[in-house]
Amino acid sequence: MSETASRLRGKDLLGIADLDVSEINLILDTAEAMKEVASRPIKKVPTLRGKTVINLFFEPSTRTRTSFEIAEKRLSADTLNIAIAMSSVVKGETLIDTALNLEAIAPAMMVVRHASSGACHLLARTCRAGIVNAGDGTHEHPTQGLLDAFTIRERKGRIAGLKIAIVGDLLHSRVFRSNILLLTKLGADVWACGPPTLMPPGLDRLGVHATTRVDEAVDGADAIMMLRIQLERMQGGFFPSLREYFTVFGMTPERVRLAKPDAIIMHPGPMNRGVEIASEVADGPASVILDQVTNGVAVRMAVLYLLAGGGENEAAA
Amino acid sequence: MKLLLKGARVVDPASGIDGIRDVLVDGDRISRVDTSIPAGAAAGARIVELGSSLVVVPGLIDMHVHLREPGYEHKETVATGTASAVAGGFTAVACMPNTNPVNDNASVTRFILKQSVAADLARVYPIGAVSNGSNGEQLAEIADMREAGCVAFSDDGRPVATAALMRRALEYAGMFNMPIIDHCEDRSLAGDGVAHEGFHAAQLGLRGIPAAAEDVMVDRDIVLACATGGHVHIAHLSTAGALRAVQSGKSRGARVTCEVTPHHFTLSDERLRAPLIYDTNLKMNPPLRGNTDRDALLAGIRDGSIDVIATDHAPHHADDKRVEFDRASFGIVGLETAVSLSFDRLVHTGIIGIGRLVELFSVNPARILKVPGGRIASGDIADITILAPDLLVTVDAAAFRSKARNTPFDGWSLRGGVAATIVGGRVVFANGAVPQAAGLERRET
Amino acid sequence: MPIVMDRDRVSRSLTRIAHEIVERNRGVDQLALVGVRTRGVPLARRLASLLLTITGHEVQGGALDITLYRDDLMKHAVGPQPIVRRTEIPFSIDDRHIVLVDDVLFTGRTIRAALDALIDFGRPRTIQLVVLVDRGHRELPIKADYVGKNLPTSLAETVRVRLDEIDGVDEVIIERGEGDQA
């Protein structure tokens, strides 16, 4: 069943949880057309001309922000980057006040990254602008999930029926959550692997196999996705040391050999070489990590176009 | 002043009464309860025909309420909190000490009582802090506070910090045969969690508070209650595990009692995701637990292992709730929805009868706190709640008497409500939506 | 619904247009065909095949998706498939004579968008326009160089082109009622 919707419901993209398969297909198909724009001499189309898109980032991010910025500029939108340093101690202006003040310049969309899960939902309820979730706390990072699915589909021709292993700090990873929602919706066989201290509850309820044994997850896999380990997790006592993490869970060439010969290696970045992934694997022929970055721009162009392109910022007539 | 309430169903389990009775109030006391009191015997009394669709019960007592005064008057005051209480059918409330300054000494206690006298609505029984500033270190002046009017002690908002402190508190308060009320939460397990640790919190990327955080401390407190002979009352019990511990403790002779909030027996954590995702009016501590926990609480309400329903009424200013879920203050108001939720979810579903409801809301709180009430026999104080079990109520937060509006029940249609509230023989609340209560609305001189 | 062009008529129009292209350009040197999605694409392919037959030369062809260049007055999708499709122009258009091919010329906005898109791809020497049907009601100063059939219509009508490659049949019909067209 690969029907494709003709438009996205609503004005926002808050999470994969809100998308059905037909909408996901719409985004991925549109992203293909957008990817072609990047191959032209003039990498611009006038679709969002005259529209303002604000990148409102409460968490530092170079990679995701620049990806959105390029996507917006390629669609001819006027972009505004606002980085707000967040300290849990400093109270300052509330999230809602910050957003409503920005609404005064009538942006069509706001791309928001925030340290609190649900922050984008709060903004979507309060603001007229469409909200694109660029990562909220440990909840979701939907455009990352979409670009990962796009990359897999590009390389493998499909997603249904593929065995996809995701390894890392699953508990705190919004990329993980978006990915398992997306990949299970599209019919993949998802295997999640990580230390038991970093394993979220209820994975089986989502149709995901959970294991603490990397070999089991990676065995015969079509795609292996490595997630970033954050140093703070070690300080939180979730596992004893980075060295031990690499020994037990790191993606080494030996482990990659357990997967299918044409398996692809993915990582949302930024990578900790030697912690979750060995350099030879990151730089090896199976790695599509840089493709993910390229595809990120195309997917984000697709999302912005589908939400803001062509007319009023309500569900198109 | 005399008041004759005629023809209602009177449910007074402490007196063994459940049937149509007339109730004669004289001054601030119950004068007589009888199958029919002729007008002659009630010379000069205001006579109100209530009718059999209304139920007269001993005044409801909410033994877990935050009145926020002194220090947080923008959220609630003693005046607005007691107005909210009587609108909810409560003739008395016990208020927690996490004010600013904390109620850890007699002068704050006396201030709160002074405010309650000025408001002249529901009775207020202050609960004093266990430790100075509720900081979990030194025992507070328990005897002095008792002298000033405190009825129990708690560091609510926080747990009683250490086993050693809990032991001392049980021993010391045991001197006066007064309970220690504990907000059971092991902070090292709860961490900076904001929702019940489980599938739904994980789906929403919300840090979890495991059930174990409550259970380990309930176990601790019961062990210490046994060891000291003191009385521990478990505040806002929310997990199946904690309830099992309480049941086991009671069977071993421990002096343990427990309370449950209406939101914990009505809602569960699946509500975090729908209908309104990340609704901060679902954020409280202890959090909404899983369906099995809620079902266990319902069973405990039925079988008697739960002693009290108390709201943990926690008013907050809108600014404290209209933020990201992580940042929102914990707590919801409860005084003006408790009775309707209890009727709708407990009585009309057949889980309990009105007699048991009276035990949970009146008899047991009065007994635990050793305050007057819980019965309306001749000579008892005339604290009376008149209930309307079949009144159709649509919860309207904008109309609350409380200053605060932080409730997840706004717009809910519930069956059951309050017709009138009488404190010390005075009608302090009459519900305009109940025609029979109209007779009570006339002001007394 | 009246059929205003049947298979035969469509075929003869395209043949005539192919000859006109050769005549006007004095051959097909430096010529390239770009079909406007969706139905301009098979029409362009047919023209390429006809030009090959006539001149013996292969003419390069591409497909142009103008969805991203639409203006606000084209809110309704062009045709029943509004999804953005890939543009495929696998050759440089610099200095070439580009022949844009579309099925119906109406307000002219689709062609305006196509011109904008083409110019983002490079600098063609000339751009000419083939349409199977010109139904009038121009809103912009756009004219076709080669027309299969001039079809006066009212605004209350819709012209539907159906092609074998997409719809399984070759015909042009008129429908009562405003549909999606530009």
Side-chain angles (χ1 to χ4, degrees), chain A residues 12 14-18 58 86-100 112 114-126 133 135-141 170-178 180-181 192 198-206 208 210 236-238, chain B residues 74 187-213 239 268-283 287-293 316-330 406 408 410:
Chain A
D12 316 291
L14 301 175
I16 304 295
D18 308 316
F58 292 87
M86 279 279 290
S87 160
S88 54
V89 180
V90 173
K91 271 216 129 180
E93 195 178 43
T94 66
L95 175 61
I96 289 184
D97 280 340
T98 304
L100 290 178
V112 182
H114 197 282
S116 287
S117 301
C120 295
H121 288 73
L122 182 58
L123 290 180
R125 286 202 272 271
T126 344
N133 181 358
D136 65 326
T138 55
H139 175 231
E140 281 219 46
H141 191 356
L170 310 177
L171 182 60
H172 300 102
S173 170
R174 52 195 175 207
V175 172
F176 172 66
R177 210 166 326 275
S178 289
I180 54 171
L181 288 172
L198 293 175
M199 191 72 84
L203 285 176
D204 51 317
R205 255 169 98 162
L206 298 170
V208 172
F238 290 92
Chain B
H74 60 295
R187 285 289 167 91
S188 71
L189 283 175
D192 53 3
V194 298
H196 173 61
E197 184 181 273
F199 177 74
H200 298 289
Q203 285 299 95
L204 295 178
L206 296 174
R207 287 182 303 279
I209 300 172
T239 69
S268 70
D269 62 347
E270 64 190 7
R271 246 191 119 82
L272 287 168
R273 294 167 67 206
L276 183 62
I277 195 172
Y278 292 108
D279 182 3
T280 53
N281 284 328
L282 296 170
K283 181 178 180 183
L288 297 176
R289 301 287 187 186
N291 288 335
T292 36
D293 296 298
H316 286 295
H317 192 277
D319 287 349
D320 296 321
K321 284 293 200 179
R322 210 173 168 232
V323 290
E324 308 87 284
F325 200 93
D326 283 348
R327 280 195 151 193
S329 295
F330 286 98
N406 50 323
D410 196 20

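Heavy-atom basis, side chains included; hydrogens, waters and symmetry copies ignored. Every chain is numbered from 1 and lettered A, B, ... according to where its sequence line falls, protein lines coming before strand lines.
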When rounded to the nearest 0.5 angstrom, what distance separates OG1 in T138(A) from CG in L206(B)? 7.0 Å

What distance separates E324(B) CD from L123(A) CG, expressed to the nearest 0.5 Å? 8.0 Å

To the nearest 0.5 Å, tell me how far R322(B) CZ sits from T126(A) OG1. 5.5 Å

Which atom names give the shortest non-hydrogen contact between V323(B) and L122(A), and what distance separates them? C-CD2, 3.3 Å

Which of the residues A119(A), G202(A), G118(A) is involved in the greatest number of heavy-atom pairs with chain B at under 4.5 angstrom? G118(A)

Answer with side chain, backbone, both or neither: which region of Q203(B) has an atom nearer than 4.5 Å to a non-hydrogen atom of chain A? both

Using non-hydrogen atoms only, which part of L181(A) is less than 4.5 Å away from chain B: side chain, backbone, both, or neither? side chain

I'd like to know which of L203(A), L206(A), D136(A), L171(A) tops the heavy-atom pair count under 4.5 Å against chain B. L206(A)

Distance check, rounded to the nearest 0.5 Å: H114(A) atom NE2 versus D326(B) atom CG? 8.5 Å

If we only count heavy atoms from C-beta on, is the S117(A) to Y278(B) side-chain gap below 4.5 Å? yes

Check whether R177(A) reaches the backbone of A202(B) with its side chain - one donor and one acceptor, N or O, closer than 3.5 Å. yes

What part of R207(B) gets within 4.5 angstrom of chain A, counting heavy atoms only: side chain, backbone, both, or neither? neither

Would you say that L276(B) contacts R125(A) through its side chain, given a criterion of any heavy-atom pair below 4.5 Å between the two side chains? yes

Given a strict heavy-atom distance threshold of 4.5 Å, which part of S173(A) is in contact with chain B: side chain, backbone, both, or neither? neither

